[in-house]
Structure formats: C-alpha cells, structure tokens
Amino acid sequence: MTDTKTTTRQEPILKIRNLTTRFRTDRGIVTAIDDVSFDVYPGETLGIVGESGCGKTVTSKSIMRLLPEHITIIDEKSSMEFEGINLATTSNGQMRKVRGNRIAMIFQEPMTSLNPVFTVGWQIDEALKYHTKLSRSQRRERSIEMLRLVEIPNPEQRINEYPHQLSGGMRQRVMIAMALCCEPDVLIADEPTTALDVTIQAQILDLMNGLKEKLDTAIILITHDLGVVAQVCDRVQVMYAGRVIESASVYDLFHTPRHPYTKALLESIPKAAKTRVKSARLPAIEGIVPSLWELPKGCRFQDRCSIATDHCIELEPDLITDENNRSVRCHTPITVNNAPVRENA
Amino acid sequence: MSLLKVQNLVKQFPVHGGVLNRVVKKVNAVNGVSFEIAKGETFGVVGESGCGKSTLGKAVIRLINSTSGSIEYDSKVITNLSHKEMMPYRRRMQIIFQDPYSSLNPRLTINALLKEAIRFHNIIPANQMNDYIQALITKVGLRADSREKFPHEFSGGQRQRIGIARALALKPEFIVADEPVSALDVSIQAQVLNLMMDLREEFGLTILFISHDLKVVQHFCDRIMVMYLGFVVEMLPAEVLHDRASHPYTQALLGANPIDDPDDRHPLTVLQGDVPSPFNLPQGCPFVGRCPIAEDRCKTDRPSLESKGDGHQVACWKVE
C-alpha cells in the first residue's frame, strides 16, 4: 500500500527546506532546530521521532507559525513551500487562511487545548465560520457530521456540551473533528495520544488511520513512541538536539537503522514478547541530551555514541542522502549490506 | 513466606458537596483487592488511569488509610497501627513517586533532602553521615558533586535517581514504585530501569511496581496483577503474560499496545466506550460495558477471582 505510493509518487504537498528556528531568550539567542528539510506527500504519514527537547514540536509549530512572534526568529534561508506559498515569509493574513483550513493541527493536551467556557459545537463552528461560506444551519449540520465521523456517540447532544463534560479520549476526538472540519491537506498531530491510556490510544490511532484513507490527508505524526510509529507511519525522520539525524521508510528504519542513535533508541525499548529474558539489562544510552546552549563542536551525539572517533568530535557530519532515498547524519553510519532484502521495498 | 499480605482491601474517597459540605457520594477507588507478595519478589500492578493502582500503592504502605480490609506486613497486621507504632515500619517500606518534578522539595539541596530522613530514623551515626550520603549518590549513578545542588539543576532522569536514592537511604526491604519511569524519555527510561534492577539485586528488595506500560512491567516484574475500576481482573506470572492472559481486558491491553515492528502491523484491538464512572459501578462485572464477549450473566453477577493453576487467577465468567 505504502510502496505503490512511493513509486507513483505525486509532487510533495509540503516542502520544508533548511528550516532553522531560533529563540531570543534572556541568555541570548538559542537555535532550537537547525537546518531541517523534508517533504510531505499527499496521503502519507510522516513520523517525526525524538526525545524531549529534540525540536519535534518546534518544527511543527514553525510550520503552523504558532510560535510567539516577538521571540522567534525563523532564519531567512528557511523555506516552507505549500501550494506556491512560502509559509516562512508569507503575511499573517495569508497564513490565517492556510492555518486551520489547509493545514490543521492536533495538540498533545486535549485537556488544555479546548476552551473551557465554550461548547464543543461553538469551537468546531468557529473554524467553519471563518473558512467557509456555509450558513449557520449548514455549519451546525457539518459540525454534527464531523463529530459523527470521529465516532462520538450522540453528536446532536454532545455538540451542546462543554469540554469538562467529556472524557480525555472524547476531547481528543473533538480536537480531531475541529482539525478536520475544513478537510485540510496536511494534518499535523503533535503527540496526539501521549496523554491517553493505551486502549484509548488504540481508538484514536485507528480513527486517524481510517480518516487518512477516507480523506487522503497527509499526516505529520510527532511522537516519542516508536511502537506508534511502527504501526502507523510510512516514513520516519529521527531528530536529535535540533537536527534531523536519520530519515528513511519505516521498514528500513526499524530493520536497518543506520545512525547509532536510532539503533540505540530501538534497542532500549523493553521487548514485549516471548523472547523476554527475565530482568535482562536493557541496552540503555548512557548520558543525556546536550543542552542547546552548550552544543559540542562536532557531532551532537558524540558523547553518548559508542563508536565516536576523533573525527566526530572535530567535525559535525552532514545529512547525506543515498540512492535509496535514505538520509543519515553520521561519519560512520552502520552499513546495511547484510540487510534482509524486502521484495516490495 | 510472604512479606506483604493484603486481604480484601477497600478504599473509598468521600466527595463533599452542597452548602453544608456534607459527604454526598463516595468514589470506590479500590474494591476488595487481595494479593500476597513474597520476599524478594517484584510484583507488577497494571491498569489504565483511574483503575486504583496508585491508591492501592499508597494504601499498602499506609500513606493513606484504607476503608476496610487488612494489610499484613512481615506477619504483623499494620492496618490499624497508630502513628507511633507505625514508625519502625515506615522505615522498612519506602515509595518512589511518578513525577520527579513535584516529588522533591525544591528548597532543599540533595544533601539536605537525603539527610532529613536518615537523621530522623537514626540510620547511621552522625559522624558517618557524609560518607553514607556520598556512597548513596554514587550508587544511584549521580556525580559526586551533586550533593550541594538543588533539584531544579537536574534533568528528569537524574531527579528520578535522587528519588531512588531517597528511598534507599533508609535501607528499606520493601519499595512501592509508582510509575517510576513513565515521565522519562525512552533512553533515560532504560537507564533508570537498569539501575533499579541492579539495586534490587544488591539489596534484595521486594518491589510493588505500578505502571500502565505492559512492556515495562513484563520486563521488570515476576508476577503481574491487572486492575480495572478498582477490581483485580487477572493475576499471573510475567513470563506467561502473552500465552495465558485470558481476561478480555488483559487481552485488549495487550492488543492495544503498538508493537515496535512495522512488519507486524495489525489492527490494534479497539475497545468500544470509555472506562465507566467509579461513582456508579456496574452491578455485575466491572468490564461489562466494554467487553466484546459479555453475556447476560455478566450484567447481573460479579465474577470473583478463580484459580486456573500455576499461579494464574482470572475473574471472568467466560474463561474456562
């Protein structure tokens, strides 16, 4: 399914090039994400993975232009091309027409992302009022239809309720309904299931997968949960300390990770399976992520890397893309020559 | 010989309301839970938010008092011990909290934080205090110069190490670990789990490990108890979790867990509906509203835990 898409690929709907976002702070200027480039194709799910502070959320909020303007500097060489508009430089007015309409976002915290003093119906209606020419009754109908689409029981009644009357899973569904009501081309989901229980997470992931097929929306899924990535993404990009360090198809990434960080990250998850050795030590990555204030001169992963050399300390590697469209930022990437050959890869 | 024996433990929280602030209703957080933990065993409690697992953890070490039931620790019933009588037991049972940000006093240095309890319980003479704390800090993998720092100077993983050091400072036998790694990143989670495994071995700790993450529990624990709405629905040895889990809720939990292998893609088990409100529990099986195989009997009669042999217990009418 994913692979046929790769071969008959259309033009990317969103092209991010050299996205660099800096923040003005009391201690000076800090670079939160550095030179991030990627494409998003219609109908695919792109996973962005990484640990806290790696720049996943800054990436998504930069695309949405939701970062506070007075402290944010988006570098001038950054470009974010969406349907002929450069989102990095376009006017706020133009951006408002795109945001919530063509590119929509689901936030991590369904508890705090909804306005507690307005009904759910009012909040879905707000987007429709701004972005469409529908009449009041049509908008109400559309809102109910959206709630039905995200499988909320009794939508006619729920539409008049306030967020506190809904459970966490239901609120996340309302967020998804709000994001999808204008049928966006790109949906950015920033840790959409992190705050939810695993059975509710399954409901939401199932829903998102179904909607992607129904509406052909491109999804950027930001998460730290590699299990979620393995189950729903087509392509993955791994970030570390503000840099993209590896990007590949989900199969390649999980079977033959090339960056030592990706490999270590995959190994450090406890394996839920019959292969369990009782209380075997987990292959942990020692040390912690470097502070963005004290980034090392060379590779940002050097002090936690098991195969770092003097070269890695001296010079930061570039992100190199090979002929199979895999990218890795490492001087000595793990070779993949004995990788299992996938028939449809 | 079991170190901890809990029988029929019930915890209700009163809910106040109205102008007179009287008790208007009660939430049933833990409903008649019984289990035993053997010395040296690691016992995992799994369930989703609101299933009563944290309440249970706090109740067994008497951080909160239970409504009814009995808790036996080292062959002594501690359920109704007075504050003073409880003191020697307090030292022997410790807890590690979930949130490494709010569980450490921000105004105390690590040294002061650790010293407080050690001095109170008279663990070691004052002249050995320095060496003891130093050894403790090194043991949990913190740098030796950490002792004069404040909690805000540490990352989440390091704070959790401090939490562990604080629990270990009193030389306890029994530790309740309430979601100790849930707030941590994957790579840090592995570090902290490894540390806890090392310490468990070194000090021969008995652990009640509370988590919502089946993968972590299965890796870390000997036996697993699955809770739903304050009830125990299944109890079984960790190594047979995948093969023998038979309660529909346990199976749903396993099926809903995304597996980290893109070749093993399968539709996640999707349960209908949300967890019911603990204010009005269903009359029959607590899981009846979301259960895919429920029948009429499940609505009226509540199943009790039945032994299926080899330490496996299930509370379900439909499991043979």
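Note that the structure is a prediction, hence the values are computed from the model and not measured. Just so we're on the same page: letters track the sequence lines, and every chain starts at 1.
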### A:Ile285 CD1 to B:Ile188 CD1 distance, which is reported to the nearest 0.5 Å
8.0 Å
### Message
Is B:Asp264 close to chain A through its backbone or its side chain, or both, or neither, when contacts mean heavy atoms under 4.5 Å?
### Response
backbone
### Query
Counting only N and O atoms by type, is there a donor-acceptor contact under 3.5 Å from the side chain of A:Asp197 to the main-chain atoms of B:Ser49?
yes
### Query
Just by distance, do the side chain of B:Glu48 and the backbone of A:Thr199 share a donor-acceptor pair under 3.5 Å?
yes
### Query
Of the backbone (N, CA, C, O) and the side chain (C-beta and beyond), which part of A:Leu196 lies under 4.5 Å from a heavy atom of chain B, both, or neither?
neither
### Leading residue by heavy atom contact count with chain B [cutoff under 4.5 Å; candidates A:Leu205, A:Val232, A:Val289]
A:Val232
### Task
Report yes or no: does B:Asn194 contribute a side-chain atom to a donor-acceptor pair with the main-chain N or O of A:Arg281 at less than 3.5 Å?
no
### Test applied, side-chain contact (heavy atoms from CB on, under 4.5 Å); reference residue, B:Pro258; option that passes from A:Val228, A:Thr223, A:Thr193
A:Val228
#### Entry: Closest non-hydrogen atom pair between B:Pro262 and A:Tyr251, with its separation
O-CE2, 3.6 Å
### Message
Given heavy-atom pairs under 4.5 angstrom as the criterion, report whether the side chain, backbone, both or neither of B:Ser155 touches chain A.
### Response
side chain
### Task
Among the options A:Glu286, A:Glu267, A:His224, A:Glu151, pick out the one with the most heavy-atom pairs lying under 4.5 Å from chain B.
A:Glu286
### Summary
Cut-off 4.5 Å, heavy atoms of chain A, and the answer for B:Leu193 is side chain
### Shortest non-hydrogen contact between A:Pro270 and B:His219, atoms and distance
CB-CB, 3.9 Å
### Rounded distance [0.5 Å steps], CZ in A:Phe254 versus CG in B:Asp260
6.5 Å
### Atom group of B:Thr42 that falls short of 4.5 Å from chain A, counting heavy atoms
neither
### Query
Using a cut-off of under 4.5 Å for heavy-atom pairs, which of A:Asn209, A:Leu226, A:Ile269, A:Leu265 has the most such pairs with chain B?
A:Ile269
### Message
Minimum heavy-atom separation for A:Leu282 and B:Met197, please, with both atom names.
### Response
N-CE, 4.5 Å
## Note on the structure
Bottom line for A:Val229: the part with an atom under 4.5 Å from chain B's heavy atoms is backbone
### Task
Grab the two heavy atoms, one from A:Arg304 and one from B:Ser187, that are nearest each other, plus how far apart they are.
NH2-OG, 3.2 Å
### Task
Taking atom types as modelled, find out whether B:Gln189 and A:Ser268 have a side-chain donor-acceptor pair closer than 3.5 angstrom.
no
### Query
Can you tell me if CD on B:Glu153 sees more than 12 non-hydrogen neighbours from other groups inside 6.0 Å?
yes
### Message
Given heavy-atom pairs under 4.5 angstrom as the criterion, report whether the side chain, backbone, both or neither of A:Gln231 touches chain B.
### Response
both
### Task
Ignoring hydrogens and angles, tell me if any N or O in the side chain of A:Gln201 forms a donor-acceptor pair with the backbone of B:Ala256 under 3.5 Å.
no
